[in-house]
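Step one of this worksheet: look at the structure below.
One is the number of the first residue; the rest follow in order along the sequence.
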Amino acid sequence: MLILAAGLLCCGCTTTTSGDQGATPGTRTITDMEGNQIVLPSEGATFGVFGGPISQVPYLLGANASVTAVTKGPQMMEMMQEMDPGIVNKPAPRTTNGNVNIEELLVTNPGCVIAFDVDGEIVESHTDIPVIYLSGTMSDGFDEMRREIVFMGEVFQKPERAQAYINYLDDTLAFLRERTADIPEDERVTVFLGEGVSHLQTLGGDTFFTEWTDAAGCTNAVSAIETTQGQQEGMHSGINEISMEQVLAVDPYIIIIDTGRPADLAADARWKELRAVKEGRVYKEPTGLFLWSRPSAESAVLYPLWLAYAAYPDRFDDVPLTDRVKDFYAEIFGYTISDEQAQKVIDGTYGSVTFGQVKQS
């Protein structure tokens with residue numbers, strides 16, 4: 001069934017051999033996730049990869065040597081620098097969505113650029129560099145993640161590595177279902193993600209975060225609120241700021257923050273009456289190769305796992321979470337980390353960045 005599903009996911013994003021659909025001997029044609037056809041060399045293609053979460057995919061495919069231009073955000077992540085010290089020396093012409101340094105890109109001159117719509121359109125309008133378009137938004141969950149990984153496996157000619165990731169993801173989700181399936185709906189832990197200095201910037205019910213929490217046997221506390229529509233100025237796509245009254249109304253069991261310390265909420269008159277604050281269930285959001293509050297290959301596996309351990313510790317006391325985190329990076333990225341590094345991921349103490357400016361956290 002997994003093989004059949006992977007085949008279905010490949011529909012609309014295929015590779016053809018030379019001689020077909022514009023390809024010539026020594027070339028291959030890629031049909032991207034928007035239906036465009038791009039001709040690439042059969043071997044030795046080089047890529048610019050524009051996007052934060054997608055930047056880790058060439059690593060899990062074992063194909064990062066072909067990436068010659070990167071995105072600034074992942075380049076600044078502490079754990080990414082530990083895994084690949086050479087990333088700091090690669091040109092990073094793309095900073096945030098819609099901000100591409102064309103001069104720097106032209107100097108790097110990758111064979112093509114992999115990007116989403118805004119960045120891709122900028123590259124196409126200012127250069128002759130072909131663009132392979134990805135699809136996807138903050139509303140997309142596990143199915144889109146599988147589709148994206150399968151597609152990238154075809155682009156980088158690493159389909160086996162792509163399937164290995166999908167198998168790992170599916171095994172993790174099955175493990176979580178087995179451990180949490182008997183929890184009644186009305187007893188499932190409610191989770192509120194509160195980002196930013198205000199802790200009120202959140203991911204609503206129409207975002208991937210709802211699928212991530214469901215997979216952990218939990219519930220997005222603000223699932224009734226949509227945050228992908230009516231984008232607020234200065235907010236990353238899919239994230240909107242809600243009111244304190246809305247948080248008080250849902251009174252979540254767990255609160256996750258990305259800024260400041262959990263102890264700070266207990267000293268804040270607005271937050272200290274919430275049960276999560278009173279009972280010590282405010283957690284710093286984990287950070288690894290990239291921010292977990294974005295839909296990435298890393299967060300799709302580890303965020304639900306981390307959350308399930310936090311919500312239902314008695315159901316997961318047979319294997320330490322650090323062991324599961326270490327296993328993920330070793331199996332998927334070929335990167336061996338220590339117990340100390342795994343704990344830094346879990347505690348959210350790895351240095352990370354914010355969009356638009358670098359911020360050590």
May I ask you to check if Arg324 and Tyr309 form a cation-pi contact, with NZ or CZ under 6.0 angstrom from the six-membered ring centre and within 45° of the axis?
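No cation-pi geometry.
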For residues [X] and [Y]: do they belong to one hydrophobic cluster (side chain heavy atoms under 4.5 Å, members Ile, Leu, Val, Met, Phe, Trp, Tyr)?
| X | Y | value |
| --- | --- | --- |
| Ile132 | Val113 | no |
| Phe290 | Val57 | yes |
| Leu169 | Leu61 | yes |
| Met152 | Leu60 | yes |
| Val123 | Ile30 | no |

What I'd like to find out is whether the side chain of [X] reaches to under 4.5 Å of the side chain of [Y], using heavy atoms alone.
| X | Y | result |
| --- | --- | --- |
| Thr287 | Met77 | yes |
| Arg146 | Asp143 | yes |
| Arg261 | Lys284 | no |
| Cys218 | Leu307 | yes |
| Ile122 | Ile102 | yes |
| Asp318 | Arg179 | yes |
| Val49 | Pro58 | yes |
| Ile129 | Pro110 | yes |

Donor-acceptor contact below 3.5 Å, side chain [X] vs main chain [Y]:
| X | Y | result |
| --- | --- | --- |
| Arg28 | Glu43 | no |
| Gln246 | Ser243 | yes |
| Ser223 | Gly205 | no |
| Asp170 | Asn167 | no |
| Tyr312 | Ile183 | no |
| Tyr165 | Ile149 | no |
| Glu78 | Gly351 | yes |
| Thr210 | Asp206 | no |
| Tyr133 | Gly120 | yes |

Is any NZ, NE, NH1 or NH2 atom of the basic residue among Asp339 and Lys326 found under 4.0 Å from an Asp or Glu carboxylate oxygen of the other?
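Yes, this pair counts.
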Under 4.0 Å between a side-chain nitrogen and a carboxylate oxygen: does that hold for Asp182 and Arg315?
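So Asp182 pairs with Arg315 through a salt bridge.
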Which pair of non-hydrogen atoms, one from [X] and one from [Y], has the smallest distance, and what is that distance?
| X | Y | value |
| --- | --- | --- |
| Ala45 | Pro41 | CB-CD, 4.0 Å |
| Glu211 | Gly141 | OE2-CA, 3.5 Å |
| Gly288 | Tyr329 | CA-OH, 4.0 Å |
| Pro295 | Pro53 | O-CB, 3.5 Å |
| Ser299 | Pro304 | O-CD, 3.2 Å |
| Leu203 | Ser293 | CD1-O, 3.9 Å |

Please work out which of the three classes, parallel, tilted or perpendicular, describes the rings of Tyr303 and Trp292, given edges at 30° and 60°.
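Tilted.
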Please work out which of the three classes, parallel, tilted or perpendicular, describes the rings of Trp212 and Phe142, given edges at 30° and 60°.
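Because their plane-to-plane angle is under 30°, the rings of Phe142 and Trp212 count as parallel.
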Apply side-chain hydrogen bond (donor to acceptor under 3.5 Å, both in side chains) to Tyr350 and Glu82, showing your working.
CA-CA 11 Å; Tyr350 260 114; Glu82 290 178 354; 2.7 Å; yes
How long is the gap from [atom1] on [X] to [atom2] on [Y], to the nearest 0.5 Å?
| X | Y | atom1 | atom2 | value |
| --- | --- | --- | --- | --- |
| Cys112 | Ile38 | SG | CD1 | 7.5 Å |
| Phe328 | Leu305 | CZ | CG | 10.0 Å |
| Thr180 | Phe175 | OG1 | CZ | 9.5 Å |
| Leu274 | Ile255 | CG | CD1 | 5.0 Å |
| Gln75 | Asn89 | CD | CG | 8.5 Å |
| Met79 | Lys344 | CE | NZ | 9.5 Å |

When [X] is tested against each of [options] for side chain to side chain contact (heavy atoms under 4.5 Å, CB included), which residue passes?
| X | options | answer |
| --- | --- | --- |
| Gln56 | Asn64, Ile332, Leu289 | Leu289 |
| Phe50 | Leu134, Leu105, Val118 | Leu105 |
| Val100 | Thr71, Thr95, Asp119 | Asp119 |
| Thr227 | Val222, Thr202, Ile239 | Thr202 |
| Ile254 | Val189, Thr190, Val282 | Val189 |

Mind checking what makes salt bridge (charged side-chain N to carboxylate O under 4.0 Å, His left out) contact with Glu279, not counting sequence neighbours?
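Salt bridge (charged side-chain N to carboxylate O under 4.0 Å, His left out) check on Glu279 returns Arg281.
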Is a side-chain donor-acceptor pair under 3.5 Å present for Ser135 with Glu144?
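Short answer, yes.
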Start with the C-alpha gap between Arg188 and Tyr253, add the side-chain angles, then the distance that decides, and say whether side-chain contact (heavy atoms from CB on, under 4.5 Å) holds.
CA-CA 9 Å; Arg188 295 194 166 227; Tyr253 186 87; over 6 Å; no
Quick one, Arg270 with Val247, criterion side-chain contact (heavy atoms from CB on, under 4.5 Å). Give me CA distance, side-chain angles, the key distance, then yes/no.
CA-CA 10 Å; Arg270 302 174 306 159; Val247 180; over 6 Å; no
Can the ring centres of Phe333 and Tyr59 be said to be less than 6.0 Å apart?
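So the answer is no for these two rings.
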Going through the distances and angles, do Phe209 and Val191 end up as a side-chain contact (heavy atoms from CB on, under 4.5 Å)?
CA-CA 10 Å; Phe209 188 68; Val191 180; 4.2 Å; yes
So for atom CD, which belongs to Glu340, do other residues, nucleotides or ligands contribute more than 12 heavy atoms lying within a distance under 6.0 Å?
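Atom CD in Glu340 is not packed in, count stays at 12 or less.
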Checking side-chain contact (heavy atoms from CB on, under 4.5 Å) for the pair Met138/Arg294: CA distance, chi angles, key distance, verdict?
CA-CA 7 Å; Met138 293 283 276; Arg294 306 294 183 265; 4.1 Å; yes
